[in-house]
Amino acid sequence: MAPQTYWNHNAAYHPELCAIAARQGGRVLDIGCGDGLLMERLSPLVHEVVGVDADPCALAVARERLSEAPNCQVVQGDFLESTDSGGAPWQPGFDTVLCVASLHHMPLRPALRRAAELLAPGGRLRVVGSAARRSQLDVFVAALSVLPVRFMGLVHRESRDVGVVVAEPYESLGEIRRTAAELLPGSRVRRRLYYRYSLNWTKPKATSSS
């Protein structure tokens, strides 16, 4: 049986991410691609989609899902390494780099630096992530979100367990915002629905010297 589509708190952001990638065109990198659902949705919109993940079980599902998508490549490896597990070099120059519910699986600073390195000038980084609730404001906002989030889960028939590795976030939203401001000047981090935040950054284009 072919892998099925589903809705959860991460997939809820897929239409938004697909729209961003479609405007950029070209090459897309999906960091922590999991079972490949986002890649499948990106495939008809851009020239090439590369997904990387360390989980062999999730990638087996991704490869099955993407078996008829010739512009999709799935790589098992560590995104932070300069080479994948097969020794092939990562090629910079992605027009869009996406990171959905995977940034908190990695050290924050190295991951943001690596994502920036792999972007082409003018390319866009978009993170949809989870943050630790460290402040009273974090707890208060999460409490306010419970009822609307549960209602939307019922409406969309939420699939909570889709067979991918999960982890608890470590950094708070404040820490993520400060780190992004330092490493990615001009980035925007904001709270979003479904206990998520988004980080949006466009890599500056190279300026010609006079």
Side-chain angles (χ1 to χ4, degrees), residues 10-55 58-59 62 66 69 71-85 88-131 164 167 169 171 176-177 179-190 192 196-206:
N10 299 320
Y13 288 96
H14 286 185
E16 178 181 317
L17 299 174
C18 286
I20 290 170
R23 286 195 297 270
Q24 292 290 110
R27 303 171 65 220
V28 178
L29 175 64
D30 183 5
I31 303 168
C33 64
D35 65 6
L37 179 59
L38 178 56
M39 293 181 67
E40 180 182 36
R41 290 169 168 170
L42 290 165
S43 176
L45 304 176
V46 297
H47 177 69
E48 179 187 10
V49 186
V50 178
V52 57
D53 204 297
D55 180 7
L59 290 183
L66 301 168
N71 65 334
C72 291
Q73 177 187 3
V74 176
V75 178
Q76 181 179 345
D78 185 346
F79 160 70
L80 295 177
E81 296 295 329
S82 59
T83 60
D84 65 37
S85 58
W90 286 104
Q91 295 297 326
F94 287 96
D95 299 281
T96 307
V97 172
L98 303 175
C99 190
V100 181
S102 55
L103 185 60
H104 66 282
H105 288 254
M106 300 173 281
L108 180 60
R109 285 176 173 272
L112 290 181
R113 288 195 185 101
R114 188 71 178 133
E117 289 172 0
L118 292 175
L119 271 176
R124 290 187 66 179
L125 168 65
R126 189 58 177 259
V127 175
V128 174
S130 301
V164 298
E171 291 92 359
I176 294 165
R177 185 176 280 122
T179 302
E182 177 187 343
L183 300 180
L184 309 173
S187 60
R188 183 184 182 190
V189 178
R190 60 193 181 102
R192 302 295 297 274
R196 298 292 184 266
Y197 71 88
S198 64
L199 185 160
N200 191 18
W201 182 65
T202 301
K203 187 171 184 175
K205 294 183 178 180

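Atom-to-atom distance recorded for Thr96:OG1 and Asp30:CG is 11.0 Å, nearest 0.5 angstrom. One distance of note links SG of Cys72 with CG of Leu42; it measures 7.5 Å at 0.5 Å rounding.
Residues Val74 and Met39 form a side-chain contact, since some pair of their non-hydrogen atoms from C-beta on lies under 4.5 Å apart. Counting only heavy atoms from C-beta outward, the side chains of Glu40 and Val49 never approach each other to under 4.5 Å. No side-chain heavy atom of Arg124 sits under 4.5 Å from any side-chain heavy atom of Asp95. Looking at Arg190 and Tyr197, their side chains never come closer than 4.5 Å, going by heavy atoms from C-beta outward. Side-chain contact between Glu182 and Arg109 is present, with at least one heavy-atom pair separated by less than 4.5 Å. Val97 is not listed as a side-chain neighbour of Arg126, based on a closest heavy-atom distance of 4.5 Å or more.
For the pair His47 (side chain) and Gly25 (backbone), a donor-acceptor distance under 3.5 Å is absent. A donor-acceptor pair under 3.5 Å is formed between the side chain of Trp201 and the backbone N or O of Pro185. Counting only distance, with no hydrogens or angles, the side chain of Ser43 and the backbone of Ala69 share no donor-acceptor pair below 3.5 Å. Side chain of Asp53 to main chain of Gly34: a donor-acceptor pair is present (N/O by atom type, distance under 3.5 Å, no hydrogens or angles). One N or O on the side chain of Asn71 and one on the backbone of Val46 form a donor-acceptor pair closer than 3.5 Å. Distance alone, capped at 3.5 Å, places no donor-acceptor pair between the Lys203 side chain and the Ala120 backbone.
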What do the steps show when you test Leu98 against Val28 for side-chain contact (heavy atoms from CB on, under 4.5 Å), and what is the final call? CA-CA 8 Å; Leu98 303 175; Val28 178; 4.1 Å; yes
Determine, stepwise, if the pair Leu38 / Val100 fulfils side-chain contact (heavy atoms from CB on, under 4.5 Å). CA-CA 9 Å; Leu38 178 56; Val100 181; 3.9 Å; yes
Glu16/Arg192 under salt bridge (charged side-chain N to carboxylate O under 4.0 Å, His left out): CA gap, chis, key distance, verdict: CA-CA 12 Å; Glu16 178 181 317; Arg192 302 295 297 274; 2.7 Å; yes
Could you walk me through whether Leu59 and Cys33 satisfy the side-chain contact (heavy atoms from CB on, under 4.5 Å) test, starting with their C-alpha distance in whole Å, then the side-chain angles of each, then the deciding distance to 0.1 Å, before giving a yes or no? CA-CA 8 Å; Leu59 290 183; Cys33 64; 3.7 Å; yes
Could you go step by step and tell me if Leu29 and Val52 meet the side-chain contact (heavy atoms from CB on, under 4.5 Å) rule? CA-CA 8 Å; Leu29 175 64; Val52 57; 4.2 Å; yes
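Thr179 pairs with exactly one of Leu184, Leu112, Val189, Leu199 by the side-chain contact (heavy atoms from CB on, under 4.5 Å) rule, that one being Leu112.
In the model, Arg196 has a side-chain atom that pairs as donor or acceptor with a side-chain atom of Asn10 under 3.5 Å.
Because its NZ or CZ atom is both nearer than 6.0 Å to the ring centre of Phe94 and within 45° of the ring axis, Arg27 counts as a cation-pi partner of that residue.
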